Amino acid sequence: MHMQIANYRRVERRRSARVTLAVPLRVDGHALNGEDFIIRTHTQTVSQFGCLLPLDAELAPDQTVVLFNENTRQSVQCKVVTTRRNREGKRILGLEFISPHSNFWRMSFCKPGARSLKRRYGGSDSTSQSW
């Protein structure tokens, strides 16, 4: 019986790579109940276009919030693109920058699907020594 082996590397469909990074943030916005909030949190992952973060306020997709980066003192407007709960029941939000050319994280992202760089150890180059 022949079984097809599923490819563990799927085609990347994201616009940019995601990076696991905890950036301290302040999130300012309006909850669904109409109350203003200011909540301090941190990112779980970041990308060129937004981030994923835990947030206690109840928000809906397409709502707008302002992220304030505690490290750089820069702020940016975002819209909520996803809301979900993790295993512990805490709310996790996916946010997308409203201005697509923002360099809010102050880092460069590789293209989607790009292979990670690999460092070669040893080998036959002129700097290696034989003992």
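A quick note: this is a predicted structure, and the numbers were derived from the prediction, not measured. Only heavy atoms go into these numbers, but all of them, side chains included; no hydrogens, no water, no symmetry mates.
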Enquirer: Considering only heavy atoms from C-beta outward, does the side chain of Glu58 approach that of Asn33 to under 4.5 Å?
Expert: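 Result no, sub-4.5 Å side-chain heavy-atom pair not found.
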Enquirer: Rounded to the nearest 0.5 Å, how far apart are CD of Gln63 and SG of Cys78?
Expert: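 With rounding to 0.5 Å, CD (Gln63) is 13.0 Å from SG (Cys78).
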Enquirer: Just jot down the side-chain contact (heavy atoms from CB on, under 4.5 Å) partners of Asn103, sequence neighbours excluded, or say none.
Expert: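 Expected list: none.
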Enquirer: Does one hydrophobic cluster hold both Val46 and Val66, with members joined at side-chain heavy-atom distances below 4.5 Å?
Expert: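 Val46 and Val66: separate clusters.
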Enquirer: Nearest 0.5 Å, please: how far is CD1 in Ile92 from CG in Leu55?
Expert: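 Between atom CG of Leu55 and atom CD1 of Ile92 there are 9.5 Å.
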Enquirer: Tell me whether Phe68 shares a hydrophobic cluster with Phe37, the cluster being built from Ile, Leu, Val, Met, Phe, Trp, Tyr side chains joined at under 4.5 Å.
Expert: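 No, because Phe68 and Phe37 fall into different hydrophobic clusters, even though each may have its own neighbours under 4.5 Å.
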Enquirer: One pair to check against side chain to side chain contact (heavy atoms under 4.5 Å, CB included): Phe49 and Val81. What are the steps and the verdict?
Expert: CA-CA 11 Å; Phe49 300 98; Val81 289; over 6 Å; no
Enquirer: I'd like to know if Phe104 and Met107 are part of one continuous hydrophobic network [Ile/Leu/Val/Met/Phe/Trp/Tyr, side-chain heavy atoms within less than 4.5 Å].
Expert: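 In one cluster: yes.
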Enquirer: Taking atom CG of Asp28 as the centre, does the number of heavy atoms from other residues, nucleotides or ligands within less than 6.0 Å exceed 12?
Expert: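 Yes, enclosed.
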Enquirer: Determine, using the 4.5 Å side-chain heavy-atom cutoff (strictly less than), whether Leu21 and Leu93 are members of one ILVMFWY cluster.
Expert: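 Same hydrophobic cluster.
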Enquirer: Go through the steps for Val80 and Leu95 under the test side chain to side chain contact (heavy atoms under 4.5 Å, CB included), then give the verdict.
Expert: CA-CA 5 Å; Val80 177; Leu95 301 177; 3.7 Å; yes
Enquirer: Could you walk me through whether Cys51 and Phe97 pass the side chain to side chain contact (heavy atoms under 4.5 Å, CB included) test, one step at a time?
Expert: CA-CA 9 Å; Cys51 65; Phe97 300 135; 5.8 Å; no
Enquirer: With a 4.5 Å cut-off on side-chain heavy-atom distances among I, L, V, M, F, W and Y, is there a chain of contacts connecting Phe109 to Val23?
Expert: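 In one cluster: yes.
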Enquirer: Restricting to pairs with a member in residues 34-55, which pass salt bridge (charged side-chain N to carboxylate O under 4.0 Å, His left out), not counting sequence neighbours?
Expert: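 Sorted result for residues 34-55: Arg40-Glu70.
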Enquirer: Find the distance between NE2 (His42) and CG (Leu25) and round it off to the nearest 0.5 Å.
Expert: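 Atom-to-atom, His42:NE2 and Leu25:CG are 9.5 Å apart.
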Enquirer: Tell me which pairs pass side chain to side chain donor-acceptor pair (under 3.5 Å) where either residue lies in residues 74-87, with sequence neighbours left out.
Expert: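 Non-adjacent pairs meeting side chain to side chain donor-acceptor pair (under 3.5 Å): Asn86-Glu88.
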Enquirer: Assess the residue pair Ile98 and Thr64 against the criterion (side chain to side chain contact (heavy atoms under 4.5 Å, CB included)); give the C-alpha distance rounded to whole Å, side-chain angles, the decisive distance to 0.1 Å, and a yes or no.
Expert: CA-CA 9 Å; Ile98 290 176; Thr64 302; 3.8 Å; yes
Enquirer: Closest heavy-atom contact between Thr43 and Leu53?
Expert: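 Between these two residues, the closest heavy atoms are CA-CB, 4.1 Å.
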Enquirer: Which value, rounded to the nearest 0.5 Å, describes the distance between Arg18 atom CZ and Leu52 atom CG?
Expert: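 Between Arg18 CZ and Leu52 CG, I get 6.0 Å after rounding to 0.5 Å.
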